[in-house]
There are 2 protein chains.
Amino acid sequence: MDSKLYNEIQESFTNYLTEKKLRKTEERYAILEGVCAFTGHFDIVMLHNKIKEARYYVSKSTVYNTLEVLLDAGIVVSHQTSSQSVQYELKKYAEMHSHLFCTKCGSIREIKNAHIKGFLNAIKVPRFTPDFYSLYIYGTCSKCKNKIQREKKQIK
Amino acid sequence: MDSKLYNEIQESFTNYLTEKKLRKTEERYAILEGVCAFTGHFDIVMLHNKIKEARYYVSKSTVYNTLEVLLDAGIVVSHQTSSQSVQYELKKYAEMHSHLFCTKCGSIREIKNAHIKGFLNAIKVPRFTPDFYSLYIYGTCSKCKNKIQREKKQIK
DNA sequence: TTTACTGCAAATATTTTGCAATATC
DNA sequence: GATATTGCAAAATATTTGCAGTAAA
């Protein structure tokens, strides 16, 4: 991650903590650093490991707690995948793409599309103030589609 | 649920089981009936209870197994919410709406919008065959927004 | 000095697995 | 009759909670 974006995120976290009268602990900033080291989805265990790699120890409980704070601060968003654990992602990255989820093999591909983003941002809803959009497109990836067609031919 | 739709779903399940050479057990159809009794989201425990209410007993393991089958059959879809358990929904219902998720209070509101649906269905992606769309709009509901504004006034 | 936060251990919740009994094909 | 499926119990995994010690304000 470029340092300009990182500083921006760190600053917004500091502002949030000040506003909410929460404490600025070393652990919270170490976890934020870990979060920023991912460019895609991650879960609690991946994040915990990433922080260990950076030679800083925080307990798993604190990682759970801090992710709640980061979600509330709007720095991180959570996702559903077929994985059993909750997946997180930096909101700054998440708002840049939609997800293509293959229901045959479970693969997830991210697509950036200004057209989709523009449409989503223009959606107006009564009695609701939108902030962030998450679009999952479920279907079949080309690999699986080809595989299925090969199998059909063999049966014939 | 109207019986026409129910019959349609049941038939497609039967076709799927035949095609995949899976067995047509009483349990599977009892679970499908339970699934069809929900008009919105449900989780494993809710479904298990619903089936019990209908005086048919199936084990939780079988409910887990069968939901995998129903997902693969494209009859059911899964969702992420802030809940700790996986949420499911009949695909026939899910395709009719998008979700408004309030990040302050966690409430989920469903909205039907032909305009959104039309746009999503028209999306074309290279090397991917779309089948189903899931759009979550995160933001603040009017209740929470009003609450926040009242609090700000009090501080002043 | 006050008390929010951390880390640990234990509790709880959720999902998966192994296997004997059973029911479908 | 062969074997996929079920139900149970146990295991594995994920998350939450209680609390004593620590550190931010």
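When reading the values below, keep in mind they use all heavy atoms of this one structure, side chains included, and skip hydrogens, waters and symmetry mates. So you know, we letter chains A, B, ... as the sequences are listed, proteins then strands, and number each from 1.
Remark on DNA chain C: of its neighbouring residues B:Thr25 and B:Ile44, the 5'-side contact belongs to B:Ile44, judged by nearest-heavy-atom nucleotide.
Rounded to whole Å, atom C1' of D:dT5 lies 18 Å from atom NZ of B:Lys21. The nearest whole Å value for the distance from the NZ atom in B:Lys60 to the P atom in D:dA10 is 16 Å. One interatomic measurement links the two molecules: CG of B:Leu67 to P of C:dT16, which rounds to 11 Å at whole-angstrom precision. Computed from coordinates, the A:Tyr88 OH to D:dA14 C1' distance equals 10 Å when rounded to whole Å. Whole-Å rounding puts the B:Glu26 CD to D:dG7 P distance at 10 Å. In this structure, A:Arg28 places its CZ atom 15 Å from P of D:dA23, rounding to the nearest Å. Separating the CD atom of A:Gln87 from the P atom of D:dT15 is a distance of 10 Å, rounded to the nearest angstrom. For the pair A:Asn65 CG and C:dC5 P, the computed distance is 9 Å after rounding to whole Å.
Put simply, the side chain of A:Arg23 and the base of D:dA25 share no donor and acceptor less than 3.5 Å apart.
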For a ring-ring contact (aromatic ring centres under 6.0 Å, His included) check, start with the C-alpha distance between A:His41 and A:Tyr93, then their side-chain angles and the critical distance, and finish with the verdict.
CA-CA 10 Å; A:His41 293 186; A:Tyr93 288 145; over 10 Å; no

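With hydrogens and angles left out, the side-chain atoms of A:Thr14 and A:Tyr29 include a donor and acceptor closer than 3.5 Å.
Closest to the side chain of A:Val86, from the set D:dT15, D:dG7, C:dC5, is D:dT15.
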Report all side-chain donor-acceptor pairs from residues 52-61 of chain B shorter than 3.5 Å, counting only partners two or more places apart or in another chain.
from: B:Tyr56; atom 1: OH; to: B:Glu26; atom 2: OE1; distance (Å): 3.2
from: B:Ser59; atom 1: OG; to: B:Thr62; atom 2: N; distance (Å): 3.2
from: B:Ser59; atom 1: OG; to: B:Thr62; atom 2: OG1; distance (Å): 3.0

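Contact annotation for A:Lys24: backbone-only contact, meaning every heavy-atom pair under 4.0 Å involves sugar-phosphate atoms and none involves a base. Across all strands shown, A:Ser61 has heavy atoms under 4.0 Å from base atoms, whether or not it also approaches the sugar-phosphate.
Taking the ring centroids of A:Phe38 and A:Tyr88, they lie at or beyond the 6.0 Å cut-off.
Contact between the side-chain N/O atoms of A:Tyr64 and the OP1/OP2 oxygens of C:dC8 is not found at any separation under 4.0 Å.
With A:Tyr138 as the fixed residue, the ring-ring contact (aromatic ring centres under 6.0 Å, His included) test singles out one of B:Phe132, B:Tyr133, B:Phe128: B:Phe132.
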